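A note on names: the letters A, B, ... follow the listed sequences, proteins ahead of strands, and every chain is numbered from 1. Computed from a prediction, not measured in an experiment: that's the story for all the values here.
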There are 2 protein chains.
Amino acid sequence: MREAAAADNRPYHHGDLRRALIDAAQRLLEAEGPTALSLRAVAREAGVSPAAPYHHFKDKGELLDAVAHEGWDLLNELMTEARASHSLVRDKLTALGVAYVRFARDNPALYRVMYDCSRDKESLPEHVHAENDSAYCQVRDTLVEAGAGPMDEQELELATTAAWCAAHGLAEMFAFKQFDHLKDALGGDDAFLRGVFEHMGIFGKAHHG
Amino acid sequence: MREAAAADNRPYHHGDLRRALIDAAQRLLEAEGPTALSLRAVAREAGVSPAAPYHHFKDKGELLDAVAHEGWDLLNELMTEARASHSLVRDKLTALGVAYVRFARDNPALYRVMYDCSRDKESLPEHVHAENDSAYCQVRDTLVEAGAGPMDEQELELATTAAWCAAHGLAEMFAFKQFDHLKDALGGDDAFLRGVFEHMGIFGKAHHG
DNA sequence: ACTGAATCTGGACGCCGTAAAGATCATCTT
DNA sequence: AAGATGATCTTTACGGCGTCCAGATTCAGT
């Protein structure tokens with residue numbers, strides 16, 4: 001009397017509680033924001049006791065790490081798409097920036113968790129800087145393509161960091177109504193986004209004229 | 001038998017508890033970081049009961065707001081100094097950026113509180129954008145001085161926002177060890193800071209050569 | 001000096017993260 | 001097939017948190 005590991009009827013003790021907890025956390029994050037994301041609430045949402053998560057995560061931080069990890073993966077995917085959908089190198093770089101900020105705008109709570117987790121450990125997750133297709137490497141590689149001539153390795157890292165900083169700064173500013181009048185005047189979020197990027201040296205030279 | 005409102009002997013019920021609470025919060029913030037900053041801990045540090053703060057602040061958020069406000073004031077001062085200590089407009093702009101990021105680096109916990117408070121209200125405190133000598137206005141005015149010819153009002157706001165985003169992004173990145181090897185290679189925090197700024201169009205044209 | 005309002009304390013409530021001990025159930029051994 | 005083993009989940013509990021309320025204390029205006 002136990003029909004497979006379906007969604008309806010719990011197969012094992014719970015099935016795959018680890019997965020269910022991460023999903024519940026993501027659901028709560030979208031619905032209630034980062035402040036409402038307590039371990040107990042996640043357990044409640046997943047339908048288990050408050051102590052159950054401790055069999056799958058060392059503590060609350062490790063659950064958030066898992067959520068953040070999936071956030072970075074999603075961001076990497078979006079940036080890969082953005083980069084692939086343009087042929088001109090200069091368009092690629094801007095597309096990367098736009099994809100980055102758009103992700104932050106569309107998933108503000110998740111974006112916040114991604115950086116908050118890193119803050120405690122004082123370093124971004126390894127796979128953000130890892131070998132291939134990581135967000136950082138995509139920016140760097142695109143900068144190489146766009147670069148006029150061979151670049152100093154150090155100079156390249158500086159430029160990548162600069163682009164990252166610029167995108168992150170813009171992503172954070174999106175949370176503040178302070179800039180709404182600018183967005184409206186320019187005709188929406190995306191126009192505002194491109195407008196700011198145009199003023200940042202890394203993303204296509206500025207001075208609009 | 002009550003000798004004035006000295007520091008030693010509590011004059012009134014406490015003296016100026018509001019002031020004492022803000023000071024205690026700042027002290028705890030520096031010593032233990034933002035996560036340790038509970039309302040109870042602040043009350044403890046100030047030597048009063050856990051409920052005492054509620055006669056001076058609506059809730060915990062309002063206390064943090066007060067701390068954040070003083071943080072912005074300090075930042076404004078530092079930027080005013082930085083701007084005044086350079087005569088060339090281009091140096092002024094870079095000096096503003098350096099002062100901003102240096103403030104964030106030297107007071108990471110306070111810097112975090114300043115933005116976290118704003119996040120909940122979805123807008124920065126008014127006096128950041130206010131008439132004179134606010135951080136935002138100083139950047140904007142310096143951009144006007146540096147700008148080639150008269151600038152569109154909208155364009156000016158975009159440029160100011162771009163500079164702000166860039167500085168904020170860089171300020172946040174300082175928390176991550178990820179960039180330590182770059183800092184070391186360049187010979188310290190300040191060199192790293194200037195290196196990144198050089199790659200941001202707003203702060204002096206990039207391309208180092 | 002008396003009254004009213006402001007300020008502080010003590011205790012309580014419901015939340016939180018986390019730990020320990022006991023119950024339940026799949027799997028492995030024989 | 002039966003029982004041992006270990007993973008998974010629940011119950012209970014502890015201390016800390018933000019916040020409210022009822023009482024005590026002290027200031028300020030009359």
Open item on the list: Checking side-chain polar atoms at under 3.5 Å, does A:Gln26 have a donor or acceptor matched by the opposite partner on A:Glu70?
Closed with: yes
Do B:Thr142 and B:Arg83 have a side chain donor and acceptor closer than 3.5 Å?
yes
Within this structure, what is the [atom1]-to-[atom2] distance between [X] and [N], rounded to whole angstrom?
X       : N      : atom1 : atom2 : value
A:Asp59 : C:dC16 : CG    : C1'   : 14 Å
A:Lys60 : C:dG17 : NZ    : P     : 5 Å
A:Leu39 : D:dT10 : CG    : P     : 13 Å
A:Arg44 : C:dG17 : CZ    : C1'   : 13 Å
A:Leu63 : C:dT18 : CG    : P     : 11 Å
A:Leu37 : C:dG17 : CG    : C1'   : 13 Å
A:Tyr54 : C:dC16 : OH    : P     : 12 Å
B:Phe57 : D:dG18 : CZ    : P     : 14 Å

> Between A:Phe192 and A:Phe174, does the ring centroid distance fall short of 6.0 Å?
Replying inline: yes
With respect to the side chain of [X], which nucleotide from [options] is positioned closest?
X       : options                : answer
A:His55 : D:dT8, C:dC15, D:dC20  : D:dT8
B:Ser38 : D:dC21, D:dT10, D:dC17 : D:dC17
A:Ala51 : C:dG11, C:dG17, D:dT11 : D:dT11

By nearest-nucleotide position on DNA chain D, the 5'-leaning member of A:His56 and B:Ala36 is A:His56
5'-most contact on DNA chain D (nearest-nucleotide basis), A:Ala52 vs B:Ala41, goes to A:Ala52
Taking OP1 and OP2 of C:dC16, is either one under 4.0 Å from a side-chain nitrogen or oxygen of B:Arg40?
no
The residue among A:Tyr136, A:Phe103, A:Tyr100 that forms side chain to side chain contact (heavy atoms under 4.5 Å, CB included) with A:Met79 is A:Tyr100
Over all strands shown, is B:Arg18 touching base, sugar-phosphate only, or nothing at heavy-atom distances under 4.0 angstrom?
nothing
* Quick one: sort the A:His129 and A:Trp164 rings into parallel, tilted or perpendicular, breaks at 30° and 60°. => tilted
